[in-house]
Amino acid sequence: MTADISALIEQGRASLGIELGSTRIKACLIGPNAEVLGTGSHEWENVYADKLWTYSLDAVWSGLQAAYAELVANVHEQYGVTPERYAAMGVSAMMHGYLAFDADGELLAPFRTWRNTNTGVAAAELTELLGVNIPLRWSIAHLHQAVVDAEPHVPEIRFLTTLAGYVHWKLTGEKVLGVGDASGMFPIDSATRDYDAELVARYDGLAAGRVPALTDLLPEVLVAGAAAGSLTENGARLLDPTGTLRPGIPFAPPEGDAGTGMVATGAVAPRTGNVSAGTSIFAMVVLERPLSEVHHELDLVTTPSGDAVAMVHCNNGASELAAWANMFTAFSAAAGVPQTPDATYAALFSAALEGEADAGGLLAYNHLAGEPIAGLDEGRPLVVRTPDSRLTLPNFMRAQLYGVFGTLALGMAVLHAEGVGLDRMYAHGGMFRTAGVAQRFLAAALDAPVAVAETASEGGAWGMAVLAAYVADGAGRDLDTYLAEVVFADAPITTADPDPADVAGFSAYLDRYRAGLAVEAAAVASL
């Protein structure tokens, strides 16, 4: 078997996916049946500078090189070969944000990530103008806020893209973007699988004379399976300074982490959806019909094939949970019984199963950053209890896990009120690695079955590798069929149905959570 895989890799029949997440850059190599052959990763962190969340472009490239080098080392250790070429490659990254370049390809302002919430004036004006919800983090909101603020660099902009689009451009020379990622830049018309031409014209009318026309600024939109260029000589050296990687490898359209999350869970058909939990947490539900009205809690984006999706995006996910877990890991070392981080998570998650269904009256707010759905411009992580709350480790951990899903549940309630049908939700992200815990609580929060595949912990990098393989091997099949027949045909999937006691308990927790947002707002105002 090892010899067969070695030959497959040497022959360039494996596909590579890379995803730049908020805290980790991951690379994942898969075989023809989407089996994982090797992985690599690099940890990085955003920087808060001049009141904006950003990453330097130097950190982008050093991180990419480190993650790719670790993948190559991992593959060599397992199979005794060093990859030189692949069937196809693809890059994914956190969506939205603002990367603006001049005519010479120079960055005009520091990268402004999805996490920034300084675009309120622009988002409100655009929502009214376009008649669709424009969230604070969308690229068009960042652009228009720069226009409103008359930032000096605005007249010099000649190209605007996302992080995935930027990396793809530097690796291939192509200024393109997958439709799912593009739908976080500007509204997409699902009939044309392109930017909505009428809305583009409205914006160009509003901003005329202050910024070039959008059609001259935005990347070309491509759907899943489309050819999106190939690795150039310079691109190969950027990713692999050793010179081993060969140019000419075909690329999939660059996608956002929402799209790769949908692929990684097989949730691209109507009445399916997925939840991706990391630094942020978001739910994607593929729509059967348009929504009846505009909701500030919901983004309208698309699948990587361009089908309409309602997205509930929360800026704050599992970071606060991780901070508590890290503290418990440090405590174990101080107590003389050191535990690995994985062992700490397993112990804490297991304890949560023993907690009361409503978390014993405890509340946990995971708001490190602002949270538009909750009406918060900034975040203050809090643990709140009343004198009669039951403060135990099981209740504390259940409250923390419930807290990860709290704001998400507020947004999902809006979809429920719209009558959106949902047969099953799929979940992925590192917090689902401990079997049966976060999955069970998410099923309670959504009051719907939640499925998790064995590939869930690989997340978006694996999903991007699948999209790359689809370019190489998906001819004649739509994406949903390809996923069903090739990727998930024999994939082990576990499903958790909502437990009635958990559903009632989470509902009680959410009522307190909603009422307690006034405490969170007061903390923001006071601290």
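For Leu218, the side chain to side chain contact (heavy atoms under 4.5 Å, CB included) criterion is met by Leu160, Met185, Phe186, Tyr195, Leu214, not counting sequence neighbours. Applying the side chain to side chain donor-acceptor pair (under 3.5 Å) criterion to Ser292, with sequence neighbours excluded, gives Glu418. Not counting sequence neighbours, the partners of Ala469 by the side chain to side chain contact (heavy atoms under 4.5 Å, CB included) test are Ser15, Ile30, Tyr482. Take Asp497 and apply the side chain to side chain contact (heavy atoms under 4.5 Å, CB included) test, not counting sequence neighbours, and it matches Pro449, Thr495. Not counting sequence neighbours, the partners of Phe349 by the ring-ring contact (aromatic ring centres under 6.0 Å, His included) test are Tyr345. Residues satisfying the ring-ring contact (aromatic ring centres under 6.0 Å, His included) criterion with Phe282, sequence neighbours excluded, are His313. When the side chain to side chain donor-acceptor pair (under 3.5 Å) test is applied to Gln78, the partners found at least two apart in sequence or on another chain are Asn74. Ser22 is linked by a side chain to side chain contact (heavy atoms under 4.5 Å, CB included) to Tyr55, Met94, Trp114, Thr279, counting only residues two or more places apart in sequence or in another chain. For Phe441, the ring-ring contact (aromatic ring centres under 6.0 Å, His included) partners are Tyr402, not counting sequence neighbours.
The aromatic rings of Phe432 and Phe405 lie parallel to each other, with less than 30° between the two planes, well short of the 60° mark.
A donor-acceptor pair is defined here as one N or O able to donate and one able to accept, closer than 3.5 Å; no such pair exists between the side chain of Tyr86 and the backbone of Ala468. Arg24 places no side-chain N or O within 3.5 Å of a backbone atom of His42 that could act as its donor or acceptor partner. In terms of modelled atom types and a separation under 3.5 Å, the side chain of Trp462 and the main chain of Glu35 share no donor-acceptor contact. A donor-acceptor contact shorter than 3.5 Å is absent between the side chain of Arg137 and the backbone of Asn116. The backbone N or O of Asp181 lies less than 3.5 Å from a partner atom in the side chain of Glu255, making a donor-acceptor pair. Side-chain atoms of Thr265 come within 3.5 Å of backbone N or O of Gly261 as a donor-acceptor pair. For the pair Thr244 (side chain) and Asp240 (backbone), a donor-acceptor distance under 3.5 Å is absent.
There is no side-chain donor-acceptor pair under 3.5 Å between Thr162 and Tyr98.
Counting only heavy atoms from C-beta outward, the side chains of Thr272 and Val285 never approach each other to under 4.5 Å. Contact of the Thr303 side chain with the Leu479 side chain is not registered, since no non-hydrogen atoms from C-beta on lie closer than 4.5 Å. For the pair Leu287/Asp307, no side-chain contact is recorded, criterion being any heavy-atom separation below 4.5 Å from C-beta on. Side chains of Leu321 and Asn366 form no contact here, defined as non-hydrogen atoms less than 4.5 Å apart. When side chains are defined from C-beta on, Thr192 counts as touching Asp189, because their heavy atoms get closer than 4.5 Å. Between Cys28 and Val36, some side-chain heavy-atom pair lies under the 4.5 Å cut-off. In this structure, His168 and Thr161 have side chains that are not in contact, with every pair of non-hydrogen atoms separated by 4.5 Å or more. At least one side-chain heavy atom of Cys314 sits less than 4.5 Å from a side-chain heavy atom of Ile373.
Once rounded to the nearest 0.5 Å, the distance linking OG1 of Thr127 with CG of Asn133 reads 5.0 Å. Here the CD1-OG distance, from Ile281 to Ser319, works out to 11.0 Å after rounding to the nearest 0.5 Å. Note: Ile5 CD1 to Arg13 CZ = 11.0 Å, rounded to the nearest 0.5 Å. One finds the OG atom of Ser280 at 10.5 Å from the CG atom of Leu408 (value rounded to the nearest 0.5 Å). Between the CG atom in Leu37 and the CG atom in Leu8 there is a gap of 6.5 Å [rounded to 0.5 Å].
Taking all atoms of both residues into account, the shortest heavy-atom contact from Val301 to Ser183 is CB-OG, 3.2 Å. Residues Met431 and Ala277 come closest through the heavy atom pair SD-CB, 3.5 Å. Nearest approach of Ala399 to Ala364, heavy atoms of both residues: O-CB, 3.5 Å. Closest approach of Val268 to Val263, counting heavy atoms only: CG1-N, 4.5 Å. For the pair Leu442 and Ala427, the tightest heavy-atom approach, listed with the atom from each and the gap, is CD2-CB, 4.0 Å. Heavy atoms only, all atoms of each residue included: Leu231 and Met89 are closest at CD2-SD, 4.3 Å.
Applying the salt bridge (charged side-chain N to carboxylate O under 4.0 Å, His left out) rule to pairs touching residues 163-178 yields nothing, sequence neighbours excluded. Applying the salt bridge (charged side-chain N to carboxylate O under 4.0 Å, His left out) definition to pairs two or more places apart or across chains, those involving residues 76-89 are Glu84-Arg246. Contacts classified as side chain to side chain donor-acceptor pair (under 3.5 Å) and involving residues 434-443 (residues at least two apart or in different chains) are given here: Arg440-Asp502.
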Taking it one step at a time, do Asn316 and Glu371 satisfy side chain to side chain donor-acceptor pair (under 3.5 Å)? CA-CA 7 Å; Asn316 300 279; Glu371 195 61 84; 2.9 Å; yes
Quick one, Ile18 with Leu16, criterion side-chain contact (heavy atoms from CB on, under 4.5 Å). Give me CA distance, side-chain angles, the key distance, then yes/no. CA-CA 7 Å; Ile18 299 173; Leu16 176 65; 4.2 Å; yes
Chi angles and distances behind the side-chain contact (heavy atoms from CB on, under 4.5 Å) call for Val75, Thr82: CA-CA 7 Å; Val75 169; Thr82 298; over 6 Å; no
Under the side chain to side chain donor-acceptor pair (under 3.5 Å) rule, what do Glu19 and Thr260 come out as? Steps first, then yes or no, please. CA-CA 9 Å; Glu19 182 157 281; Thr260 55; 2.6 Å; yes
Side chain to side chain donor-acceptor pair (under 3.5 Å) between Thr407 and His367, intermediate numbers included: CA-CA 10 Å; Thr407 310; His367 300 141; 3.3 Å; yes
Between Arg115 and Asn46, does the side chain to side chain donor-acceptor pair (under 3.5 Å) criterion hold? Intermediate values first, please. CA-CA 10 Å; Arg115 201 171 192 178; Asn46 52 194; 3.0 Å; yes
Quick one: do Trp169 and Phe159 satisfy side-chain contact (heavy atoms from CB on, under 4.5 Å)? Show the steps, please. CA-CA 11 Å; Trp169 170 39; Phe159 180 45; 3.7 Å; yes
Take Asn33 and Asp490, measure what side-chain contact (heavy atoms from CB on, under 4.5 Å) needs, and give me the verdict at the end. CA-CA 10 Å; Asn33 296 313; Asp490 301 313; over 6 Å; no
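Between Asn274 and the options Met284, Met425, Arg424, a side chain to side chain contact (heavy atoms under 4.5 Å, CB included) holds for only Met284.
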